[in-house]
Amino acid sequence: MRTIVINQEDIIHWQARIPNHVIALGFFDGLHKGHKRVILEAKKVANEKQLPLSVMSFFPHPKSVLSKGKVEVDYLMPLEEKQKQLELLGVDYFFVVEFTMEFASLSPQQFIQDYVLGLGATHVVCGYDYTYGKMGAGNAASIATDGMNKLDVSIVSKVDLCGEKISSTRIRELLSDGNVSFISELIGKPYTVEWCAQNGLLPYYTLPSAGQYEVTLTGNLVNEKAIISVINKTEIDYGSIKIPSNDRVTITWHREIRNEKYKAIS
């Protein structure tokens with residue numbers, strides 16, 4: 001898989017260098033089951049048309065940029081991890097578009113012309129609630145028109161669980177409640193973060209709320225189940241377990257034992 005970072009200064013450069021492809025559009029933070037449904041549908045179309053599969057995402061998060069930094073976004077995974085998972089899904093090109101105020105001011109038509117058609121897409125796959133362009137004025141139903149009918153479009157319907165849409169926002173809410181066990185139902189596997197004993201939580205991950213959790217710690221010199229305590233958004237107490245200061249550990253979250261919500265009623 002090839003990752004290409006694109007901004008408004010070099011968009012013309014890339015427009016002349018990307019082959020025709022099928023593209024999946026979205027932010028894809030956390031790569032939950034809804035995201036995977038969109039990407040796998042795009043992969044199916046790409047295979048049928050014998051074209052490369054691309055995924056377009058944006059960075060930083062639009063909410064952070066549009067609020068001029070006033071809204072703190074709790075990311076679920078860094079670009080590095082998103083790249084690894086997209087490659088496993090069979091993606092050929094990963095476009096990371098730099099989200100700026102200038103980019104946010106593009107009309108829906110201009111976005112489709114420059115960043116979708118212009119980059120060689122012939123077929124777009126997106127979720128039913130996908131929006132784009134200034135003020136989110138463009139939506140899934142307007143892509144074909146904004147593409148001057150030069151694009152085929154597949155719209156993936158809502159993917160839900162227990163009647164509620166699977167979304168990155170829902171995962172963040174579950175983390176805020178400390179409900180890590182249910183998150184696995186939304187992403188298809190346990191939630192994980194990367195932790196360095198010396199420097200703490202790696203950027204663009206989010207810890208669950210304060211409390212005690214059953215986890216698995218996996219690193220170069222440690223691989224064991226444990227009970228750890230989350231102190232706050234950046235601090236963890238893993239008790240008697242010794243982790244070398246230079247070791248990078250994957251924390252796999254299995255279930256909550258006690259969090260702030262439970263403390264309040266105990």
Side-chain angles (χ1 to χ4, degrees), residues 5-8 25-32 34-35 55-86 94-106 127 129-136 164-184 186-187 190-213 215 228-238 248-253 256 259-264:
V5 178
I6 299 173
N7 56 46
Q8 288 187 281
L25 297 176
F27 191 77
F28 301 112
D29 190 22
L31 283 173
H32 54 63
H35 293 150
V55 166
M56 179 177 287
S57 186
F58 308 91
F59 190 85
H61 196 287
K63 287 183 180 179
S64 176
V65 175
L66 295 173
S67 70
K68 298 181 179 178
K70 293 179 182 178
V71 174
E72 182 181 343
V73 177
D74 292 328
Y75 291 88
L76 300 176
M77 64 170 56
L79 286 173
E80 173 189 279
E81 180 60 26
K82 194 181 294 188
Q83 285 176 275
K84 291 177 183 177
Q85 294 197 29
L86 289 175
F94 178 33
F95 302 132
V96 182
V97 177
E98 183 181 356
F99 197 96
T100 62
M101 289 299 291
E102 186 179 5
F103 174 80
S105 69
L106 290 177
D129 57 351
Y130 181 73
T131 60
Y132 59 93
K134 187 175 181 179
M135 304 296 292
E164 188 176 348
K165 174 190 170 186
I166 295 176
S167 68
S168 301
T169 298
R170 190 177 178 191
I171 294 172
R172 294 186 187 99
E173 290 171 350
L174 289 168
L175 285 172
S176 181
D177 289 340
N179 191 354
V180 297
S181 56
F182 192 64
I183 291 176
S184 64
L186 277 65
I187 62 177
Y191 179 66
T192 63
V193 303
E194 297 291 322
W195 180 270
C196 175
Q198 184 173 18
N199 300 317
L201 185 68
L202 271 63
Y204 306 111
Y205 283 109
T206 297
L207 293 175
S209 61
Q212 291 183 319
Y213 299 87
V215 303
I228 66 172
S229 297
V230 175
I231 309 302
N232 53 43
K233 281 192 169 187
T234 60
E235 294 183 76
I236 287 177
D237 179 3
Y238 30 82
R248 175 169 167 170
V249 176
T250 298
I251 304 177
T252 302
W253 305 83
E256 57 282 5
N259 62 31
E260 290 295 347
K261 180 179 177 181
Y262 303 135
K263 289 178 186 177

(message) Just so I know, are the side chains of Tyr204 and Met77 near enough to count as touching, which here means a heavy-atom distance under 4.5 Å?
(response) no

(request) Establish, from distance only, whether the side-chain atoms of Asp129 and Thr131 form a donor-acceptor pair under 3.5 Å. (result) no

Less than 3.5 Å apart, which donor and acceptor atoms pair up between the side chains of residues 95-104 and the rest of the protein, not counting sequence neighbours?
{"from": "Thr100", "atom 1": "OG1", "to": "Glu102", "atom 2": "N", "distance (Å)": "3.4"}
{"from": "Thr100", "atom 1": "OG1", "to": "Phe103", "atom 2": "N", "distance (Å)": "3.0"}

(message) Once salt bridge (Lys or Arg N to Asp or Glu O under 4.0 Å) is applied, what residue pairs with a partner in residues 60-71 remain, sequence neighbours excluded?
(response) none

(message) I'd like to check Ile187 versus His32 (side-chain heavy atoms, cut-off strictly below 4.5 Å). Are they in contact?
(response) yes

(message) Contact between Trp253 and Ile183 at the side-chain level, heavy atoms closer than 4.5 Å - yes or no?
(response) no

(request) State, to 0.1 Å, how close Asp177 and Ser209 come at their nearest heavy-atom pair, and which atoms those are. (result) C-OG, 3.7 Å

(message) Does the structure place the NZ or CZ of Lys82 under 6.0 Å from the centre of the six-membered ring of Phe27, at an angle of no more than 45° from the ring's axis?
(response) yes

(message) For a side-chain contact (heavy atoms from CB on, under 4.5 Å) check, start with the C-alpha distance between Leu202 and Cys196, then their side-chain angles and the critical distance, and finish with the verdict.
(response) CA-CA 7 Å; Leu202 271 63; Cys196 175; 4.0 Å; yes

(message) Side chains of Glu256 and Ser181 only: does a donor on one sit below 3.5 Å from an acceptor on the other?
(response) yes

(message) Ile251 vs Ile228, test: side-chain contact (heavy atoms from CB on, under 4.5 Å). Steps then yes/no.
(response) CA-CA 10 Å; Ile251 304 177; Ile228 66 172; 4.1 Å; yes

(message) So, using salt bridge (Lys or Arg N to Asp or Glu O under 4.0 Å) as the criterion, who are the partners of Glu194 when residues are at least two apart?
(response) Arg248

(request) Looking only at non-hydrogen atoms, find the nearest pair between Pro208 and Val230 and report the distance. (result) O-CG1, 3.4 Å

(message) Has Tyr75 got a side-chain atom pairing as donor or acceptor with His61's backbone, closer than 3.5 angstrom?
(response) yes

(message) With side chain to side chain donor-acceptor pair (under 3.5 Å) as the test, pick out the partner of Arg172 among Thr206, Asp74, Asp29.
(response) Asp29

(request) Answer whether the closest heavy-atom distance between the side chains of Tyr238 and Trp195 falls below 4.5 Å. (result) yes

(request) Might you point out which heavy atoms bring Ser229 and Gln212 nearest each other, and give the distance in Å? (result) OG-CG, 3.4 Å

(request) Evaluate the side-chain proximity of Tyr205 to Leu76: yes if any heavy-atom separation is below 4.5 Å, no if none is. (result) no

(request) Compare all side-chain heavy atoms of Ile166 with those of Leu186 and state whether any distance is below 4.5 angstrom. (result) yes

(request) Decide side-chain contact (heavy atoms from CB on, under 4.5 Å) for Tyr191 and Leu175; before the verdict, give the C-alpha distance in whole Å, the side-chain angles of both, and the deciding distance to 0.1 Å. (result) CA-CA 10 Å; Tyr191 179 66; Leu175 285 172; 3.7 Å; yes

(message) With rounding to the nearest 0.5 angstrom, report the CD1 to OG distance, Ile171 to Ser176.
(response) 13.5 Å

(request) Have a look at Phe28 and tell me which of Gln85, Met56, His35 forms a side-chain contact (heavy atoms from CB on, under 4.5 Å) with it. (result) His35

(message) Could you tell me if the side chain of Ile231 sits less than 4.5 Å from the side chain of Ile236, heavy atoms only?
(response) no

(request) First locate atom OG of Ser57, then atom CD of Gln83, and finally report the distance between them rounded to the nearest 0.5 Å. (result) 10.5 Å

(message) Is the shortest side-chain heavy-atom distance between Phe59 and Ser64 below 4.5 Å?
(response) no

(request) Give the C-alpha distance, both sets of side-chain angles, the deciding distance and a yes or no for side-chain contact (heavy atoms from CB on, under 4.5 Å) between Lys165 and Arg170. (result) CA-CA 8 Å; Lys165 174 190 170 186; Arg170 190 177 178 191; over 6 Å; no

(request) Would you give the length of the straight line joining atom CZ of Phe94 to atom CG of Leu79, rounded to the nearest 0.5 angstrom? (result) 5.5 Å

